[in-house]
Amino acid sequence: MLVSLNWLKEFVDIKIPPYDFGEALTMSGTKVETLTVVSENVINIFTGKITKIEAHPNADKLIVCTVDMGTEERVIVTAAKNVFVGAIVPVAVDGAVIANGTKIGTNDFRGLLSYGMFCSIEELGMNTDLFAKEIIEGILILPENTPLGMDARELLWLDDVIIDVELTANRSDCQSIIGIAREASATLDLPLAAFATYTAAESCNQIADYLTVKIEDPACPRYVAKMLKVKKIAASPLWMQVKLLNSGVRPINNIVDVTNYVMLELGQPLHAFDYDSLQSQEIVVKTTAAKKMITLDDKERDIDETMLMITNGQAPVAIAGVMGGQNSEITEKTTLIVLESANFNKSSVRLTAKQLGLRTEASSRFEKGVDPELAGIAALRATHLLLEIGACEVIEGLIDVYPRVEALKKVSLDINWFNAFVGISLTIDEIANMLTRLFFTVEKISDHVLDVSVPSYRLDIELKEDLAEEVTRIFGYDMIPGTIMGGETMVGGKTPVQKFQDALKNILVGQGYYETLTSSFTSEKRLLGLNSQLEDNLIPLINPLGEENSIMRNTLIGHQLEVISLNYNRKNPFAQFFELSNTYRKNTKPGELPIEEQKLAISSYGSADYFELKGVVELLLEQSGIKYPEFIAGGSDFLHPGRKAEIFVAGTKLGEIGEIHPLVVKNYELPKRCYVCQLSFEALFDCASLDHKFTDLPKFPASNRDLAILLKATIPAAAVATIIRNNGGDILESIELFDVYTGAQIPADYKSLAYALNFRHHERTLNDNDINPVIDQILGALKESFDAQLRE
Amino acid sequence: MELELKQLRDRCLADLKAVCELKTLDNVRIKYLGKKGELTIALKGMGKLSSEERPIIGKLANEIREEIEDNISTQKQSLEQQEIEAQIREESIDVSLPGKKHQAGNLHPLTTTINELKEIFLGMGFSIAEGPEIEWAKYNFDYLNVPHDHSARDLQDTFYYEDDIVLRTQTSPVQVRVMQEQKPPLRIISPGRVYRSDEIDATHSPVFHQMEGLVIDKGITMSDLKGTLDLFAKKLFGEQTKTKFRPHQFYFTEPSAEMDVTCFKCGGVGCKVCSNTGWIEILGCGMVHPNVLQFCGIDPEQYSGFAFGMGLDRITMIKYGINDLRLLFENDLRFLAQFK
Ligand SMILES: [Zn+2]
């Protein structure tokens, strides 16, 4: 919200420099984002009245103006087209600087000297967004009654500082000059000036002859109407326009400007209806069955029966709290106006504005909440201003439909509790003083308890904690000491699962893998690219950001492939990645949240092959204390049918590994060979044995035997190893496959697997008599299972 | 005989001198001292000597044997020495040639940031709590004191799976779960993934990360909040870091604050990183709202506490000077590999 410092100073006598004021406001809870002088550069621009215009003897496009500067006359040569005799304009004199920093001096225009220059809106440094195109293009013509020789900085508030404040959602009462002024007053401990409102000479109720108001919906807690006779619809006075401009609001005419002025000043949105166009003597606030309505901005809006309307009893004339209707707009011909100062329920306005896609200054204020008490004051303030600027005459009487006046809230504050809660020690008087500065009414009911009455506009204050914040922010958060928590000592630390996650990541990093971070979203299309049917356990979102992000992912594979594809297409020749992240799927149990399962995906391309990746997975498993994982051919359809395996440990499936299917390679624009592995973290953790126990070092030597086994090429090596292990007895310490041979020396379709077997007994040295029977047993079993034989 | 022995000795010593390789040294030893060596054979002839001559010659023979053995041993040492020297000469390398490549990867910078934050809080006795990302709306909003008509609940702001199930918009529901399931005293942090319906750009992402913290105990004060978070800031950004607490508003806390830290880049004088303010906004915090304590079954008259929350993606970007949030999610190796 933009706040004019000059306007603010009309309420609070702020003497400190703007920057310090901004800091003080920020530290008391009104965050100041920026402080901007309207027009930093401009100097030496004064008002002057054109008294004579002559043609330039040497140039068709130039004119020569004589200008009355109040104390002197000055000749200005200009090409401007919109100036005329009698016009009061801003004149940059010798030594002036205009907004863009250009210095103005005396210049020769085709043989005639110009002692300065007339200025446009832009040259004055004013906000060009707030003026019509024809005004921006010409010289700024000032109102007729503008004094001559006056400094434009002062007249047009070019030296004003615009404060951009960020308000928090709870402080709807600060959405106005008066609201910020109250904060300034409390923060700086300075008095707050009052403002003038209209007071009727005597109670007389002329308005009743014109209008009645009915509220038929509780979404309107209060409706105040004031009627005025229009004297003349014209531009509002310059001082009012300038305040609107410095608040970022475009001046329109005296009536509309007053409604905007009061909204900016007090925070109460107002609306003016053309009485005659209402074509009725009543205003009824209700919902209607109407389907269409044209609003003030000439747009047709689709309205419905959920939206609160201001009606003339039949048809809507305004969308309550959002925007007026074109049918009751103030025009040149308006003679009577109805000034609406009403209160509307914040959710009602929010939903209507949202549905219409129409957010206005009024709706955004109502959405945050407006104090119903304000409606009466604002109507009288606007009446006062309309009379003061000579726009209207009053029709005596005020309509005020206010079915339920809320009592002021009271909160009691125990200062002992307060001091203990904050960790400071203020006296009851200090606390009472700070609350009073914030316009709370405070009553001391004991030596440590205050009864605090909350002003009606403080919709946010309900509990003693709220008051604690009020006192603390005025006291100053920076004045609170920092202490180290007392209480019970707490050990804290990581759980075994958290430690295991770290360990897995560290192993992979050590092996040259880079951790990725990918989004949780996927889509049907992305999933179908994995050469698989859509599973029926997917979690689709009701309101996704686009189709490609419409489903919560149930696998990490797609994202790993997208990462590979990106890197491959950016000419990174090889890479290895991993990610430990959640996947999501439906919960079949009714009434429970979806299942989130952490998975570990590992992928590589460009350098490694299947066995390289498998080696890393085996290392991970070994480091997790997992013995004898089984890699059994098989797995999902995104994998190469001849190069994929499912990983089991003691019957539990951990995941799968393999090369990416050529079809998927095409779908995802991947390098020809990519390898991935995906493991269930939970299964991995369940199988892991992370306790390390010391066993005595062997005292007796091991005996090694090499066995070369000849068997059909289709038999998986893992199955052979299992047979060897299962038949090795207690003395078989380890087996290692050290060679796989296929070729000329053995029959086609056969392979030779060479194993190194390590035998050891922990109580004695083994000899052939111990080992030979075991070897025979192994060979026998291999022959039986696979028709395998010892290769000579 | 005596002469014979002396000649033998001289021959042997001359042979020894001529030896220039360790393996031939043994040949000399065998030639003279071996079972069939010259000295051995010569000594076998001692039987023919008279009893007067025998001890003299015997002594001489022993002296010669010792002398030869000494010489062999000396020669051996010297040859070994030469051999090692030769080996060293031969094996010298250009130590400035590049080492053999070993590939290490690294953690994602976000993880590194999270790890750093975790370590700081673990050191203060906090535990790490986790909870579902797909969460009941009531945990994400109601129990956190978010008003029923608040726009954060709108479909434009929050992703919905079902009418009452959302993608959590903050990690605060974890705090609710912890408060409901455990008894105070509590000290937890909850880092995690959160979601808001923002189109991705340089500073926004529909998927991002937060870490929140919660302390509940008897007698926890606002000044504990300040002290704890000030210590945290100093540990994260350095000893010289100063903090500034500004009043703010959150539904979850009352009183609430935002904490700024002095810009770690310029030390507070103003630079591009801090938009010339000297300060960087780091986190939101406050005393846990009594309504929230009550929703979670904790008596606000007995217990108090504070909570804080920060954007991890933002802190990562600030820490490493990353100017576009999208880089974090893109995973270009040339980006990832910068964080070894
Ligand atoms: Zn800086």
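Naming convention: chains lettered A, B, ... in sequence-line order (proteins, then strands); numbering from 1 in each chain.
- Under 3.5 Å, the side chains of B:Asp149 and A:Ser347 contain a donor-acceptor pair of N or O atoms.
- In terms of modelled atom types and a separation under 3.5 Å, the side chain of A:Glu515 and the main chain of B:Leu107 share no donor-acceptor contact.
- Among A:Arg171, A:Gln498, A:Arg473, the residue making the largest number of heavy-atom pairs under 4.5 Å with chain B is A:Gln498.
- A salt bridge is absent between B:Glu254 and A:Lys464: the closest approach of a Lys/Arg side-chain nitrogen to an acidic carboxylate oxygen does not fall below 4.0 angstrom.
- Heavy-atom distances place the side chain of A:Glu23, and not its backbone, under 4.5 Å from chain B.
- Contact annotation for A:Asn170: both backbone and side-chain heavy atoms come within less than 4.5 Å of a heavy atom of chain B.
- The six-membered or imidazole ring of A:Phe521 lies near that of B:Phe159, with a centre-to-centre distance under 6.0 Å.
- With a threshold of 4.5 angstrom between heavy atoms, A:Val422 approaches chain B through its backbone and through its side chain.
- The distance from the CE atom of B:Met222 to the CD atom of A:Glu469 is 7.5 Å, given to the nearest 0.5 Å.
- At a 4.5 Å heavy-atom cutoff, the contact between A:Ala169 and chain B is made by backbone and side-chain atoms alike.
- Distance CG/A:Leu593 to OH/B:Tyr161: 10.0 Å, rounded to 0.5 Å.
- Proximity to chain A is limited to the side chain of B:Arg193, based on heavy atoms less than 4.5 angstrom apart.
- Heavy atoms of A:Asp466 lying under 4.5 Å from chain B belong to its backbone as well as its side chain.
- Proximity to chain B (any heavy atom under 4.5 Å) is restricted, for A:Thr472, to the side chain, taken from C-beta onward.
- Using a 4.5 Å cut-off between heavy atoms, A:Asn543 touches chain B through backbone and side chain atoms alike.
- Side chain of B:Asp332 to main chain of A:Leu566: no donor-acceptor pair is present (N/O by atom type, distance under 3.5 Å, no hydrogens or angles).
- B:Pro290 is listed as a side-chain neighbour of A:Leu463, based on a closest heavy-atom distance under 4.5 Å.
- Only the side chain of A:Glu166 has a heavy atom closer than 4.5 Å to any heavy atom of chain B.
- For A:Tyr513, the part sitting under 4.5 Å from any heavy atom of chain B is the backbone (N, CA, C, O) and nothing else.
- Using a 4.5 Å cut-off between heavy atoms, A:Thr30 makes no contact with chain B at all.
- Atom CG of B:Asn291 and atom CD of A:Glu465 lie 8.5 Å apart (nearest 0.5 Å).
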